Amino acid sequence: MAARRVAPGPRLMRLFVAFVVCVALLAVGRVWISFAVVEKTLQTDAIVREERRLSAENARLSEDLAELGSSVRIQRIASDKLGLQYPAHLEYLKARKGAGAGLTRVAAKP
């Protein structure tokens with residue numbers, strides 16, 4: 001009996017279909033990767049904007065803290081709102097050591 005030969009047409013067609021399917025899968029993969037890159041870029045941009053906003057807010061808060069902790073401001077509040085004034089005369093007490101222990105007054109300049 002003679003062996004039957006398969007016509008080259010159907011085999012060539014199967015190879016072509018397999019090639020088209022592979023190219024289509026590669027194209028879909030490429031589009032998916034491009035979409036993922038764009039999405040990550042947008043997320044990165046959002047994080048950079050948030051970091052800049054927080055840095056600006058941090059700088060503003062640091063300025064507020066420096067202003068609120070200013071000794072000039074505290075002195076102004078103490079004198080204007082609380083009526084506190086520096087004393088005209090200042091004295092400190094100094095403890096003595098030894099047998100004649102007691103206190104000695106020491107005058108200080110305001």
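Quantities reported herein were computed from a predicted structural model and do not represent experimental measurements.
Distance CG/D45 to NZ/K40: 13.0 Å, rounded to 0.5 Å. Atom-to-atom distance recorded for L84:CG and I74:CD1 is 12.5 Å, nearest 0.5 angstrom. Taken from CD in E50 to CG in L54, the straight-line distance is 4.5 Å, to the nearest 0.5 Å. Atom-to-atom distance recorded for R49:CZ and T44:OG1 is 10.5 Å, nearest 0.5 angstrom.
Placement of W32 and V37 within a single hydrophobic cluster is found when ILVMFWY residues are connected by side-chain heavy-atom separations under 4.5 Å, directly or transitively. Hydrophobic clustering, with ILVMFWY side chains joined whenever heavy atoms are under 4.5 angstrom apart, groups L25 together with V17.
S34 is listed as a side-chain neighbour of R30, based on a closest heavy-atom distance under 4.5 Å. Side-chain contact between F19 and R14 is absent, with no heavy-atom pair separated by less than 4.5 Å.
For E51, the side chain to side chain donor-acceptor pair (under 3.5 Å) partners at least two apart in sequence or on another chain are S55.
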Anything under 3.5 Å between a donor and an acceptor, one on a side chain of residues 57-67, the other on a protein residue two or more places apart or in another chain? List them.
unit_1	atom_1	unit_2	atom_2	d
E57	OE1	R53	NH1	3.3
R60	NH1	D64	OD2	3.2
S62	OG	N58	O	3.0

